[in-house]
Amino acid sequence: MEYLLFGARCALAVTLAASAIGKLRAPGDFRRAVRDMDLVPDRLAGPVAGLVLAAETALILLVWLPGRLGAAAFAAAALLLAAFTAVLVVLIRRGSDASCACFGQSRTPVGAAHVVRNAALLTIAGLGAVTAAGGSGAALPPELPAALAAALAAVVTSALLISTDTLVGLFARPS
């Protein structure tokens with residue numbers, strides 16, 4: 001279980017870090033994306049974008065806490081991801097062409113692939129919460145080769161999740 005927890009920590013931290021860095025590189029783009037989603041009044045787009053960035057940044061570190069604190073951080077990540085998923089579903093149902101700008105600048109409209117990506121992240125957060133609550137929560141598991149394998153699997157998973165827009169474009173039918 002400690003390797004599952006380590007992998008969940010790595011995957012979530014890498015994915016959240018990529019998201020936060022993408023937003024920091026182009027803060028105006030994410031603020032505009034929040035405004036274009038038309039879910040909050042325009043005057044709140046900046047503060048909402050700032051809160052999202054702050055929450056993602058905090059969770060990068062908090063998921064590494066041991067025991068119940070780590071479990072609570074994973075649960076908080078799951079709540080944040082559930083909120084993101086709800087926003088995606090609302091936008092899809094509206095037929096919106098808005099981009100989520102989840103990892104920075106993007107022109108890809110939200111779609112089912114984004115919901116699937118978030119479902120995978122929700123699963124990782126759930127597994128992390130369960131395993132963190134039930135274990136010692138050491139930051140690094142005892143067997144280095146197995147820890148490296150878990151980290152590699154987590155980084156590959158994160159790379160695929162981060163690349164959702166690219167993968168959607170790659171496998172889309174030509175127009």
Side-chain angles (χ1 to χ4, degrees), residues 7-65 70 72-126 128-129 151 154-175:
R9 285 174 166 160
C10 289
L12 211 50
V14 167
T15 305
L16 288 170
S19 180
I21 290 167
K23 290 175 178 84
L24 285 169
R25 288 183 60 196
D29 289 342
F30 184 59
R31 199 174 319 112
R32 257 187 308 286
V34 170
R35 188 186 65 237
D36 292 347
M37 290 175 192
D38 200 29
L39 296 172
V40 297
D42 285 351
R43 64 181 163 67
L44 295 179
V48 166
L51 284 172
V52 166
L53 180 58
E56 289 177 341
T57 303
L59 287 168
I60 293 166
L61 299 175
L62 293 175
V63 297
W64 292 93
L65 293 173
F74 275 109
L79 287 173
L80 183 65
L81 290 162
F84 291 167
T85 305
V87 167
L88 292 172
V89 169
V90 166
L91 293 173
I92 291 167
R93 285 181 165 249
R94 281 186 186 169
S96 174
D97 63 351
S99 160
C100 73
C102 304
F103 296 96
Q105 186 178 21
S106 173
R107 290 187 177 91
T108 305
V110 297
H114 295 94
V115 175
V116 170
R117 178 204 54 218
N118 280 20
L121 287 166
L122 276 163
T123 301
I124 292 168
V155 169
V156 169
T157 299
S158 295
L160 290 170
L161 294 171
I162 292 163
S163 301
T164 300
D165 288 352
T166 302
L167 292 170
V168 166
L170 181 65
F171 292 107
R173 292 187 181 152
S175 40

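Numbering of residues begins at 1 and proceeds along the displayed sequence. From a predicted model like this one, the values you see are computed outputs, not experimental measurements. Computed from heavy atoms alone, side chains included, the values below leave out hydrogens, waters and symmetry copies.
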Discussion item. Which heavy atom of A78 sits nearest to which heavy atom of L122, and what is that distance?
Written reply: O-CD2, 3.2 Å
Practice prompt. Not counting sequence neighbours, list each pair that qualifies as a salt bridge (Lys or Arg N to Asp or Glu O under 4.0 Å) and has a residue in residues 16-39.
Written response: K23-E56, D29-R32
Worksheet item: Between A8 and G128, which heavy-atom pair has the shortest distance, and what is it?
Response: CB-CA, 3.9 Å
Fill in: Pair listing, disulfide (SG to SG under 2.5 Å) test, anchored in residues 74-104, at least two apart
C100-C102
Discussion item. For the CZ atom of F103 and the CD1 atom of I21, what is their distance to the nearest 0.5 Å?
Written reply: 11.0 Å
Worksheet item: Between the main-chain N or O of S106 and the side-chain N or O of S99, is there a donor-acceptor pair closer than 3.5 Å?
Response: yes
Practice prompt. Identify the two heavy atoms, one from R9 and one from V63, that lie closest to each other, and give their separation to 0.1 Å.
Written response: NE-O, 2.9 Å
Going by atom type alone, with no hydrogens or angles, which donor-acceptor pairs under 3.5 Å involve a side-chain atom of residues 110-120 and a protein atom two or more places apart or on another chain?
| from | atom 1 | to | atom 2 | distance (Å) |
| --- | --- | --- | --- | --- |
| H114 | ND1 | G111 | N | 3.0 |
| H114 | NE2 | D165 | OD1 | 2.6 |
| N118 | ND2 | T85 | OG1 | 3.2 |

Worksheet entry | Nearest heavy atoms of L62 and A73, plus distance in Å | O-CB, 3.3 Å
Fill in: Shortest non-hydrogen separation from A75 to A129 and the atoms involved
N-CB, 4.3 Å
Worksheet entry | Donor-acceptor under 3.5 Å (T164 side chain, L161 main chain) | yes
Worksheet item: Just wondering, do T157 and I124 contact through their side chains at under 4.5 Å, heavy atoms?
Response: yes
Expected list for residues 40-50: side-chain donor-acceptor pairs under 3.5 angstrom, two or more places apart:
none

Response to the item:
Those residues at least two apart in sequence (or on a different chain) that pass side chain to side chain contact (heavy atoms under 4.5 Å, CB included) with A76 are L59
Worksheet item: Which heavy atom in C10 sits nearest to a heavy atom in A154, and how many Å separate them?
Response: CB-CB, 3.5 Å
Worksheet item: Under the salt bridge (Lys or Arg N to Asp or Glu O under 4.0 Å) rule, what pairs show up with a residue in residues 91-115, not counting sequence neighbours?
Response: none
Worksheet item: For the side chain to side chain contact (heavy atoms under 4.5 Å, CB included) test, which of L121, T15, T123, L16 pairs with L81?
Response: L121
